[in-house]
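Here is the structure we will look at.
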Amino acid sequence: MDVVVRELDGTAELTAAARLYRTVFGYDQPEYGVSPRLLAALRENSGSVIGALDRTGTMIGFCYGFSAVDGGELYHYSQAAVVAADAQGLGVGRRLKQAQAQVARGTGARTMRWTFDPYAVRNAHFNLNVLGATGVRFLPDYYGGGTDRVLVSWDLWHARKPGVPAGVVSSPATDRHRLRAGLEERFAAGARWTAVTRDADRVTCTFENDRS
């Protein structure tokens with residue numbers, strides 16, 4: 001697919017990005033939308049507002065984020081990344097993240113963080129196995145209403161450092177409660193989630209202890 005990935009500019013592009021965001025997530029409530037004015041402000045103030053456009057100029061992917069600080073460490077927080085249903089599985093998401101990483105490095109950030117649903121194995125595979133991000137924290141009920149999330153950190157300058165093996169969590173794919181308990185236990189012990197596999201109906205999560 002012939003796709004251009006770049007920073008977005010102008011009201012029309014920002015509005016199209018906000019529309020795609022609502023469409024992909026199926027949001028009907030106005031409070032769950034993204035404001036084009038907010039995106040314009042982020043773009044001008046060390047944030048990232050990246051779009052993927054096909055050869056006709058149609059928005060098929062979008063991500064945005066902002067600079068943040070934790071304990072004196074500057075990082076870039078990626079709030080959301082979406083890809084249109086008919087463009088998924090074609091590498092658009094990876095190109096969006098790579099473009100976002102380039103913007104983040106320009107601010108001086110060394111890492112990028114975001115959260116994802118740990119029970120969506122496809123998302124876990126993309127974040128951990130494909131991008132090489134590392135799950136660093138379990139966030140139960142992050143947005144309310146049973147929305148557990150895992151926070152990942154992605155080193156923007158170097159490949160992921162090898163860690164000391166810290167075991168696995170294995171659970172039937174349909175047993176969310178067992179998987180949740182396993183994730184909570186590993187993260188509480190200071191382990192970092194580095195990979196996930198799904199064989200038949202079983203999910204196996206691999207953990208390491210960070211050497212740093």
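Every heavy atom of this structure was used, including side-chain atoms; hydrogens, water molecules and symmetry mates were not. Counting begins at 1 with the first residue of the sequence.
For Y32, the OH atom sits in a loose shell: 12 or fewer heavy atoms of surrounding residues, nucleotides or ligands are nearer than 6.0 Å.
Annotation for P140 and E184: closest pair CB-OE2, 4.5 Å, computed over non-hydrogen atoms. Of all non-hydrogen atoms in L179 and P118, the two that sit nearest each other are CD2-O, 4.2 Å. Taking every heavy atom of both residues into account, L14 and P36 meet most closely at CD1-O, 3.6 Å. The two residues L183 and C205 have their closest heavy-atom pair at CD2-SG, 4.4 Å. Between R43 and D9, the shortest heavy-atom contact is NH1-OD1, 3.2 Å. Here the closest non-hydrogen pair linking V92 and A52 is CG1-CB, 3.7 Å.
Electrostatic pairing of E13 and R6 counts as a salt bridge here, judged by a charged N lying under 4.0 Å from a carboxylate O. At a threshold of 4.0 Å, the pair R180-D148 counts as salt-bridged, since one of the basic side-chain nitrogens sits closer than that to a carboxylate oxygen. The pair D155-R110 does not meet the salt-bridge criterion, since no charged nitrogen lies less than 4.0 angstrom from a carboxylate oxygen.
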- Item | V130/R94 under side chain to side chain contact (heavy atoms under 4.5 Å, CB included): CA gap, chis, key distance, verdict | CA-CA 8 Å; V130 176; R94 184 188 301 188; 3.2 Å; yes
- Query: Checking side chain to side chain contact (heavy atoms under 4.5 Å, CB included) for the pair V83/V24: CA distance, chi angles, key distance, verdict?
  - Reply: CA-CA 7 Å; V83 177; V24 171; over 6 Å; no
- Query: Does the side chain to side chain contact (heavy atoms under 4.5 Å, CB included) test come out yes or no for V136 and S153, once each step is laid out?
  - Reply: CA-CA 7 Å; V136 297; S153 180; 4.1 Å; yes
- Would R186 and F138 satisfy side chain to side chain contact (heavy atoms under 4.5 Å, CB included), going step by step from the backbone distance to the final call? CA-CA 9 Å; R186 289 297 186 194; F138 185 76; over 6 Å; no
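Atom CG of L128 sits about 9.5 Å away from atom OG1 of T206, to the nearest 0.5 Å. Taken from CE in M112 to OG in S67, the straight-line distance is 11.5 Å, to the nearest 0.5 Å. Interatomic distance, CG of L156 versus CD of Q98, reported as 11.5 Å (0.5 Å rounding). From R105, atom CZ reaches atom CD of Q102 across 6.5 Å, with rounding to the nearest 0.5 Å.
Remark: R113 qualifies as a cation-pi partner of Y75 under the 6.0 Å distance and 45° angle criteria applied to the six-membered ring.
Side-chain N/O atoms of W154 and N127 include no donor and acceptor closer than 3.5 Å. Side-chain contact, T111 with E73: a donor N or O sits under 3.5 Å from an acceptor N or O. Under 3.5 Å, the side chains of H76 and T107 contain no donor-acceptor pair of N or O atoms.
Aromatic ring pairs are classed by plane angle as parallel below 30°, tilted from 30° to 60° and perpendicular above 60°; the pair F25 and Y21 is perpendicular.
In the hydrophobic clustering of ILVMFWY residues, with side-chain heavy atoms under 4.5 Å counting as a link, W114 and V121 come out together. L90 and I60 fall within a single hydrophobic cluster, where Ile, Leu, Val, Met, Phe, Trp and Tyr side chains are chained together by heavy-atom contacts under 4.5 Å. Linking ILVMFWY side-chain heavy atoms closer than 4.5 Å, directly or via other members, places Y143 and F116 in two distinct hydrophobic clusters. The hydrophobic cluster containing V34 also contains V82, counting ILVMFWY residues as joined when their side-chain heavy atoms lie under 4.5 angstrom apart, directly or transitively. Connection of L139 to V196 is not established within any shared hydrophobic cluster, with ILVMFWY side chains joined at heavy-atom distances below 4.5 Å, either directly or through further cluster members.
Pairs passing the side chain to side chain donor-acceptor pair (under 3.5 Å) check and including a residue from residues 193-205, sequence neighbours excluded, read S170-R202, S170-T204.
Between the side chain of T23 and the backbone N or O of R19 there is at least one donor-acceptor pair closer than 3.5 Å. Between the side chain of S48 and the backbone N or O of G65, at least one donor-acceptor pair lies under 3.5 Å.
Residues forming a ring pair (Phe, Tyr, Trp, His ring centres under 6.0 Å) with F126 (at least two apart in sequence, or on another chain): none.
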